[in-house]
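Report on the structure given below.
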Amino acid sequence: MPELPEVEVSRLGIAPYLEGAQITGIIVRDRRLRWPVEEALSDAVGQTVMAVNRRAKYLIIELQSGGRIILHLGMSGKLRVLDAAVPPIKHDHIDIVLASGKCLRFNDPRRFGACLWQAPGHEIPTQLSHLGPEPLTDDFTADRLALLSRGKQVAVKNFIMDNAVVVGVGNIYANEALFMAGIDPRRKAGKVSATRYQQLTGAIKEVLAKAIQQGGTTLKDFTQTDGNPGYFKQSLSVYGRAGEPCIACETPIESLTIGQRNTFYCPQCQR
DNA sequence: CGGGACACCTGCCTGC
DNA sequence: TGCAGGCAGGTGTCCC
């Protein structure tokens with residue numbers, strides 16, 4: 001479910017229901033997420049939601065008190081807005097109930113996701129305090145990649161998936177961006193030229209922006225019971241296509257493991 | 001310190 | 001049909 005584009009699509013989907021709404025209740029059915037859900041989360045009850053923002057793959061629900069509810073979807077998390085009276089299904093761990101009678105419902109089978117509480121006047125949780133720049137802003141530049149990669153022995157694929165370098169580049173889009181830029185994912189980060197970092201930076205921005213746009217289709221029926229995505233599948237050039245012909249040169253796409261993650265590339269186009 | 005392995009957890013798909 | 005095994009879109013932690 002959650003690469004950055006899907007988190008952003010979720011944000012766009014839930015924001016209209018949440019912004020300006022009053023929270024009348026919070027139901028926690030299972031506290032055992034990535035980190036235990038704090039009891040103090042209930043302090044959000046009675047608060048008005050001022051905005052729903054995103055930082056990296058975290059969704060941040062800003063409250064009038066200055067407090068924040070911070071959600072992360074992990075590997076399998078999903079958010080839906082539905083009538084609060086709808087009976088919960090398996091893995092519906094948290095409801096944020098609104099005065100409108102609707103609720104934001106967090107479902108996460110694997111429980112790698114998180115729901116953090118930042119009390120008013122408190123520091124942002126440490127998970128969010130060491131994050132690199134957002135990929136779709138001007139803070140993310142080729143110069144930054146070139147600078148940070150100096151002398152680095154890690155594979156360039158791992159490098160761009162490092163949240164301290166740039167946030168929001170998950171496994172799928174790391175593969176796709178490296179294909180677009182014609183860079184072998186195994187290449188050491190320190191051995192990628194400035195010119196090619198220029199191309200890679202553009203590729204990351206392009207692939208993420210495009211995926212968010214395509215997510216807009218999913219957005220349309222976001223509140224329906226199960227609008228299941230899969231929207232980006234047709235657009236993928238290499239991810240999940242081992243053995244299939246490269247869209248550019250027809251050489252079979254190869255797969256291997258880098259940093260315990262499945263990696264796909266065209267041995268002809270990517271050097 | 002950089003780099004890499006591992007951990008967390010459930011569902012689903014494959015192959016015997 | 002059943003079951004074991006492997007794999008999955010993330011990321012903090014631990015160990016060398």
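Only heavy atoms go into these numbers, but all of them, side chains included; no hydrogens, no water, no symmetry mates. All chains are named by letter (A, B, ...) in the order of the sequence lines, taking the proteins before the strands, and each is independently numbered beginning at 1.
The phosphate of C:dT11 (OP1 or OP2) has no side-chain N or O of A:Arg261 nearer than 4.0 angstrom. One finds no side-chain N or O of A:His91 lying less than 4.0 angstrom from the OP1 or OP2 phosphate oxygen of B:dT10. Regarding contacts with the backbone of C:dG9, every side-chain N or O of A:Tyr173 stays at 4.0 angstrom or more from both OP1 and OP2.
In summary, A:Glu6 and A:Lys57 do not engage in a salt bridge, as defined by a charged side-chain N under 4.0 Å from a carboxylate O.
Between the side chain of A:Arg111 and the base of B:dC9 there is no donor-acceptor pair of N/O atoms closer than 3.5 Å. Evaluation of atom-type donor-acceptor distances gives no pair under 3.5 Å for the side chain of A:Gln127 against the base of C:dG12.
Summarising the geometry, the separation between CZ on A:Arg31 and P on B:dC9 is reported as 17 Å, rounded to the nearest angstrom. We find that CZ of A:Phe159 is positioned 17 Å from P of C:dT11, with the value rounded to whole Å. To the nearest angstrom, P of B:dT10 lies 12 Å from CG of A:Leu33. Following rounding to the nearest Å, A:Ile258 (CD1) and C:dG9 (P) show an atom-to-atom distance of 13 Å. Rounded to whole angstrom, the span from the CE atom of A:Met75 across to the C1' atom of C:dG6 amounts to 13 Å. Rounded to an integer number of Å, the gap from CZ of A:Phe106 to C1' of B:dC9 is 13 Å. Between the C1' atom of C:dA8 and the CG atom of A:Asp108 lies a distance of 13 Å, rounded to the nearest Å. One interatomic measurement links the two molecules: NE2 of A:His93 to P of B:dC9, which rounds to 12 Å at whole-angstrom precision.
Nucleotides B:dC9 and C:dC14 have their P atoms positioned 16 Å apart, rounded to a whole Å.
The side chain of A:Tyr239 approaches C:dG9 more closely than any other nucleotide in the set C:dG12, C:dG10, C:dG9. Ranking B:dC9, C:dG12, B:dG3 by closeness to the A:Arg110 side chain, first place goes to B:dC9. Nearest nucleotide to the A:Val154 side chain, out of C:dG10, C:dG9, B:dG4: B:dG4. Comparing atom distances between the A:Lys90 side chain and each of C:dG10, B:dG11, C:dG9 picks out B:dG11 as nearest. When distances are taken from the side chain of A:Asn262 to each of C:dA8, B:dC8, C:dG9, the shortest belongs to C:dA8.
Between A:Pro109 and A:Gly151, the residue anchored nearer the 5' end of DNA chain B, judged by the nucleotide with its closest heavy atom, is A:Gly151.
No side-chain donor-acceptor contact under 3.5 Å links A:Glu123 and A:Ser129. For the residue pair A:Asn171/A:Lys157, the side-chain donor-acceptor check at 3.5 Å is satisfied.
Nucleotide B:dG4 has C:dC14 as its partner under the Watson-Crick or G-U criteria, with both atom distances under 3.5 Å.
At a threshold of 4.0 angstrom between heavy atoms, the contacts of A:Arg32 with the nucleic acid are absent. As judged by a 4.0 angstrom heavy-atom cut-off over every strand, A:Gln260 is placed among the base-contacting residues.
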Original post:
Which is it for A:Arg80 and A:Asp92 under the salt bridge (Lys or Arg N to Asp or Glu O under 4.0 Å) test, yes or no, and what are the steps along the way?
Top reply: CA-CA 10 Å; A:Arg80 287 173 301 156; A:Asp92 278 345; 3.3 Å; yes
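A donor-acceptor pair under 3.5 Å links the side-chain atoms of A:Arg105 to the main chain of A:Val86, judged by distance alone. The backbone N or O of A:Ile258 sits nowhere less than 3.5 Å from a side-chain atom of A:Arg186 that would complete a donor-acceptor pair.
For the pair A:Phe112 and B:dC8, the ring geometry qualifies as stacking, because the centroid separation is below 5.5 Å while the planes lie within an angle under 30°.
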